[in-house]
Each structure stands twice: as C-alpha cells, then as structure tokens.
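Note that these values count all heavy atoms, side chains included, but never hydrogens, waters or copies made by symmetry. Along the sequence shown, residues are numbered consecutively beginning with 1. Both counts, for ligands and for their atoms, begin at 1 and track the order of listing.
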Amino acid sequence: MDIIPAEQGDSFLGETPPSRNSRNILNSTQCYIQDVEGKGRGVFASHEIPAYTDIETSPVLLFTSVEYEDHGRHTLLDHYTFKWRDGRMALALGLGSLFNHSQAPNVSYRLEPGTESIRYTTTRRIAPDEELCIFYGHSLWFQAVDIPNTVLAEEAPDDEWGGLSRLQGEDEDDIYDVSLTDGDPDDLILEHNLPFTRLKLIDDEAEDELSAVQTEPAWVVDIPDPKYIASLLKWLKQVGYDTPALTHLKRIRKTGSTTTLLLSTVSSTPLVPQLPAEYSLPAPYTLQIPQSAALTQIALQHKTTFWPTIYAPRKKFEPQPWSRAKVRWARDAMRTVIEEANASKTGGDLPIAAHVPVPFDEETREATQMTHSITAHDTRVSTAHPLHHAVLNLVRLVASQRAAASTPDVTNTAANPDDTDGRNGAHYLLTDLTLFLSHEPCIMCSMALLHSRVKEIFYLSPMKKTGGCGSIACLPKLPGVNHRFTIGQWKPFATQKRGLDSMVIEEDIDA
Ligand SMILES: C[S@@+](CC[C@H](N)C(=O)[O-])C[C@H]1O[C@@H](n2cnc3c(N)ncnc32)[C@H](O)[C@@H]1O
C-alpha cells in the first residue's frame with residue numbers, strides 16, 4: 001500500500017477535508033460532532049428528537065483491568081474509558097466516546113453486556129442543534145464547563161488543594177499544609193479535593209448512580225382509553241401482577257398521548273400475559289425497566305428514561321461534605337499514625353499503627369465520652385503473639401481505658417450497678433468513632449472492626465494480598481453483615497512524605 005505524504009493525505013483525495021466544525025452527520029439518528037468551547041468535541045442533534053429515543057448504539061472495546069493499569073491509564077485513553085460491569089475497562093466506539101458531561105444530562109445510557117455495546121437514550125425532548133450530554137459521575141478529573149456554581153463551589157472557590165495531576169509527583173513535604181493553614185476553616189472542600197477516596201459500600205446500586213442503569217425486561221401494554229386505568233389497576237391486583245417486586249416503579253407511564261400500563265417482569269411471567277377481553281387492549285410487548293428505585297435525583301432522571309421510577313434517597317450512606325477544619329483534623333490524625341508506625345519499627349515491631357482521635361464534632365465527643373485520643377501499634381514481634389495486630393491492640397486499649405475510667409474494680413460489678421457497659425461488653429464498642437490506620441486491615445481485623453461498630457476508617461496503604469476492606473474482600477459490603485462502616489483510602493501524596501518509606505511492609509503480611 002502506498003503511503004500518502006502528509007499534505008496529500010490531508011487533502012482527502014483532492015477534496016476539501018471535512019472540518020471538525022462542519023455538520024457532518026455521523027450516525028443513523030443524524031447526530032453530528034462539533035467543537036464546544038472549553039470541552040473539545042461534543043455530540044449534537046441535527047433535528048428535534050423526542051424524549052426516550054435511542055440515539056446511538058456504540059460497540060465497546062474491552063480491556064482487562066491489568067492491561068488498563070499497566071498501559072491504558074497512562075495514555076489519553078484514560079479520559080475515555082470507564083468501568084464495565086465485570087471489572088474490565090471499556091472504550092466506546094462510534095459516537096459513544098464523544099458525549100460530554102453535564103450535571104443536567106439530556107441523555108442516559110445503558111451497558112448491554114450481551115452485545116458488548118452501550119445504548120444512549122434521550123431523557124427529554126431535544127431541540128435542533130442542542131448538545132447531547134451524559135452524566136459522568138460526581139468525581140470529575142477536569143473543570144466542567146456547564147456546572148453551575150453550587151454552594152460547595154462558591155464556598156471553596158480555590159481551596160488550593162489542587163487537582164490530582166498538579167500535585168502528583170511534586171516533591172515537597174507537607175505540600176497540603178499550604179492550603180490547610182490558609183483559608184476559612186468552615187469552607188467545604190470539594191469531594192475530589194479531599195485527601196482520601198471513599199469506597200462505595202452499596203455496591204451495584206451506588207455504581208448505578210454514577211454510570212449505567214441496571215434493567216430487566218417487563219411486559220407492558222398501551223391503554224387506548226385512560227378511563228380504563230382504575231379498573232385495570234384493580235385487575236392487576238386480582239391476577240397477582242401487583243407484586244412487591246415492582247413497587248419501585250410507577251404502574252402507568254404517559255408519553256405524549258400514549259398511556260402504558262406495566263404488567264409484570266418477564267422473569268416472573270415468561271409467557272405473554274393474557275389480558276381481560278372487555279377492554280379490547282392491543283397485544284402486550286416488552287420494555288426494559290430499572291431494577292431498583294432511584295437513590296439520587298440524577299439516577300431518577302436516568303431511570304425514568306426507561307420507566308417512571310420511585311425516588312428513594314438513602315441518606316445514611318450518602319457522603320457528608322467535609323470542611324477545611326475537619327480535613328486538618330484528619331490530616332493530623334494520619335500524621336500520628338505515621339509517627340506511631342515508625343516508632344513501632346524503631347522498637348523492633350512491624351510499622352503498622354492504628355489511631356482513634358478525639359471526635360471532630362462536639363456532639364460525637366459528648367456521645368462517645370472520648371476526651372483523649374488512643375493510639376496503638378502492632379506488637380506481634382515483641383510479644384511473640386500472632387494476634388497482636390494494631391487494630392486488635394487498639395480495640396483492646398479503648399476497652400481497657402474505658403473500663404478503667406468507669407469501673408475501678410472491674411471484678412466487682414455488684415459494686416457498680418450502673419456499669420451495664422462493662423457487663424455487656426460495650427466498652428469494646430467504637431460506635432461513632434473514626435479510626436485512622438497505616439495499612440488496610442486484614443480480614444480478622446476487619447471483622448473485629450465490624451463487631452466493634454466503628455463508624456468509619458481511613459487507611460493509607462492498601463494491602464492487595466491480605467486486605468479485608470477493599471482489596472481481597474470488603475467485609476462491610478458482605479450481604480447479611482449486621483453493621484457497615486465506611487472506608488476511605490488516603491491519598492499517599494496528601495500527607496507528608498517523611499516516614500512513608502519506612503512503613504512499607506511485605507505484601508503478604510496481614511496488617
Ligand atoms: C469522553 S471525552 C468527551 C469528548 C471530548 N470532548 C473530545 O473532544 O474528545 C471526555 C473529555 O471531554 C472533556 N469534557 C467532557 N465534558 C466536559 C465539560 N462539561 N466541560 C469541560 N470539558 C469536558 C474533558 O476533557 C474530558 O476529559
């Protein structure tokens with residue numbers, strides 16, 4: 001094959017090359033690509049498109065997570081790939097990679113593993129020449145153009161915590177101190193600028209909030225006359241189609257002049273449902289419906305693209321905003337951990353440490369009666385006891401210090417009739433407390449933390465081969481556990497570099 005010299009190739013076989021700004025229709029639904037100020041290229045509608053229209057199906061290229069970690073992540077692909085359901089990374093072909101992000105997206109998308117593709121659907125009516133945008137999630141790696149100034153953004157205009165790319169690789173100690181000592185302590189710090197990454201505990205659903213909607217097929221039927229709705233809803237109950245499995249969805253959808261009734265899922269009714277003859281209904285057909293209620297407004301918008309969905313926010317696990325003062329508190333706690341880990345090593349033990357600071361907010365300080373911080377380190381070597389891990393030592397220390405404070409004579413509970421805590425083991429509880437750790441705890445320690453009812457933990461070094469809080473397992477995520485604690489992985493460059501090197505331990509040690 002002849003290689004065309006650059007200038008000749010540029011001239012596109014002698015014709016004028018199509019410009020990125022000309023309206024070249026690029027897919028079957030007449031979308032085109034155009035440059036948008038501050039965003040690069042974007043996808044546009046060439047004509048009006050009704051709500052709930054499939055506008056693009058993009059096949060995907062899938063990479064293993066190892067391939068991605070070793071190669072893709074270090075290239076431009078990093079801006080275009082996202083997590084596929086099975087943990088692989090996906091790159092959308094076709095127009096899929098060119099949809100820009102919007103906080104108020106007009107397009108939602110669904111991963112279709114069967115065909116290894118992604119289907120993009122409008123969430124509302126689209127005007128001619130309107131840009132088509134999807135929602136990338138809450139942690140953006142760029143300054144988004146269309147995000148309005150939210151309260152958080154206004155309160156922390158430039159908190160100087162900087163973007164990851166700016167800070168990574170800088171070679172100064174305590175680089176974060178600059179921003180922490182300046183600035184209003186009450187400023188809220190944007191999520192992506194926090195010195196840790198929160199692990200998602202509500203697995204699939206939380207993921208769905210940020211990416212694609214999980215759906216399943218269901219039978220629906222169009223109702224020619226809305227006056228039948230009430231009697232059809234009664235009929236649904238009589239025939240047993242009104243099951244709890246569909247309570248996260250509304251039963252009726254109105255699109256333009258069409259009213260549609262949700263009958264049942266295909267998994268529960270594999271054969272075409274038999275409809276009452278008196279209403280002269282058309283034949284039922286199948287549609288994809290969301291599998292769960294919407295936890296956030298954005299998810300609601302996405303899910304309703306498929307079928308009107310119930311909004312059921314789950315407040316408990318929603319991340320709370322952090323102020324600059326709270327970040328300082330956490331940074332100081334993490335420093336103590338690093339110092340303790342290093343002291344442990346100097347004393348001949350493993351450099352693994354755990355620390356519970358006095359709670360940041362007054363309410364928790366009062367509720368927990370935690371008036372001073374408690375720190376422990378691993379003592380497996382010095383005590384020749386294989387179970388003396390830092391976490392277990394710390395839980396024991398908390399218990400013994402509390403017991404000492406409340407019951408001088410712990411053997412004589414009769415003398416202390418009010419000491420119900422001591423008798424039922426509540427001294428060991430870390431309820432409402434935050435734990436800072438040098439290393440991700442092993443399975444045994446993670447289980448101990450579950451029992452201890454700790455509120456949240458932050459660890460610095462993930463333990464890929466032994467960690468029970470996100471690496472080989474994530475105990476608080478297991479189905480059936482009776483307590484969940486939240487987990488934050490500290491960004492190593494978010495703290496001083498001094499002392500970090502000596503904290504490195506063998507990968508297969510249980511921390
Ligand atoms: C998947 S690509 C989207 C297509 C991209 N605009 C292009 O020209 O190739 C993601 C990148 O687009 C840019 N981008 C997407 N949405 C944006 C927005 N709302 N504001 C600014 N840049 C945006 C960011 O640079 C991001 O890394």
Side-chain angles (χ1 to χ4, degrees), residues 17-27 29 31-46 55-63 68-69 71-85 88-112 116-124 126-127 129-150 152-154 156-158 162-168 190-193 197 207 209-212 296-298 301-302:
S19 126
R20 264 167 67 150
N21 273 332
S22 63
R23 290 180 32 161
N24 294 300
I25 301 301
L26 287 170
N27 75 355
T29 51
C31 294
Y32 66 94
I33 290 177
Q34 188 167 286
D35 280 347
V36 194
E37 202 178 336
K39 299 190 197 174
R41 289 161 296 176
V43 181
F44 286 78
S46 60
I55 47 160
E56 162 79 8
T57 302
S58 301
V60 292
L61 266 183
L62 294 168
F63 307 88
Y68 182 72
E69 268 303 304
H71 307 289
R73 196 166 71 78
H74 309 288
T75 70
L76 186 67
L77 281 182
D78 201 27
H79 290 224
Y80 292 85
T81 32
F82 59 93
K83 233 184 187 157
W84 196 245
R85 285 241 184 281
R88 284 183 290 172
M89 298 302 288
L91 173 71
L93 304 174
L95 293 190
S97 277
L98 295 178
F99 290 100
N100 284 319
H101 164 87
S102 168
Q103 197 73 347
N106 49 14
V107 170
S108 73
Y109 60 95
R110 184 154 60 95
L111 310 186
E112 303 204 324
E116 295 195 344
S117 61
I118 308 176
R119 187 175 298 194
Y120 297 85
T121 311
T122 54
T123 59
R124 59 167 171 78
I126 308 291
D129 296 319
E130 190 177 343
E131 187 182 358
L132 296 157
C133 290
I134 59 174
F135 179 68
Y136 289 7
H138 294 290
S139 308
L140 298 178
W141 58 97
F142 54 89
Q143 188 64 45
V145 162
D146 76 337
I147 294 187
N149 273 347
T150 59
L152 282 184
E154 274 166 14
D158 177 11
L164 301 190
S165 49
R166 186 162 67 83
L167 283 171
Q168 260 166 339
L190 293 171
E191 183 73 17
H192 67 273
N193 284 333
T197 315
E207 286 300 310
E209 299 308 287
L210 309 179
S211 58
T296 65
Q297 285 291 340
I298 298 230
Q301 207 179 358
H302 284 187

Item to check | S97, portion touching ligand 1 at heavy-atom distance under 4.0 Å | outcome: backbone

Checklist entry - Can you list the atoms of ligand 1 that are under 4.0 Å from a heavy atom of H79? => result 1 (C), 2 (S), 10 (C), 27 (O)

Checklist entry - For atom 5 (C) of ligand 1, which of H101, R41, E131 has the closest heavy atom? => result R41

Next on the checklist: Could you work out, with side-chain hydrogen bond (donor to acceptor under 3.5 Å, both in side chains) as the rule, every residue matching T122, not counting sequence neighbours?
Outcome noted: none

Next on the checklist: Classify the ring geometry of H101 against F142: parallel below 30°, tilted from 30° to 60°, perpendicular beyond 60°.
Outcome noted: perpendicular

Item to check | For Y80, atoms of ligand 1 separated by under 4.0 Å from a heavy atom | outcome: 1 (C), 2 (S), 5 (C), 7 (C), 9 (O)

Item to check | V145 N/O to ligand 1 N/O under 3.5 Å | outcome: yes

Item to check | Min side-chain heavy-atom separation W84-I118 under 4.5 Å | outcome: yes

Next on the checklist: Using a 4.0 Å cutoff against the non-hydrogen atoms of G38, which atoms of ligand 1 qualify?
Outcome noted: 21 (C), 22 (N)

Checklist outcome for this item: Within 4.0 Å of some non-hydrogen atom of N100, the atoms of ligand 1 are 3 (C), 4 (C), 5 (C), 6 (N), 12 (O), 13 (C), 14 (N), 15 (C), 16 (N)

Item to check | All ring-ring contact (aromatic ring centres under 6.0 Å, His included) counterparts of Y68, not counting sequence neighbours | outcome: none

Item to check | Main-chain N/O of A92 paired to S97 side chain as donor or acceptor, under 3.5 Å | outcome: yes

Next on the checklist: I need the atoms of ligand 1 closer than 4.0 Å to a non-hydrogen atom of G40, numbered in the order shown.
Outcome noted: 6 (N), 8 (O)

Checklist entry - Between the side chain of N100 and the main-chain N/O of R41, is any donor-acceptor distance below 3.5 Å? => result yes

Next on the checklist: What I want to know is whether W141 and ligand 1 share at least one N or O pair that is separated by under 3.5 angstrom.
Outcome noted: yes

Checklist entry - What distance do Y120 atom OH and L132 atom CG have between them, rounded to the nearest 0.5 Å? => result 12.0 Å

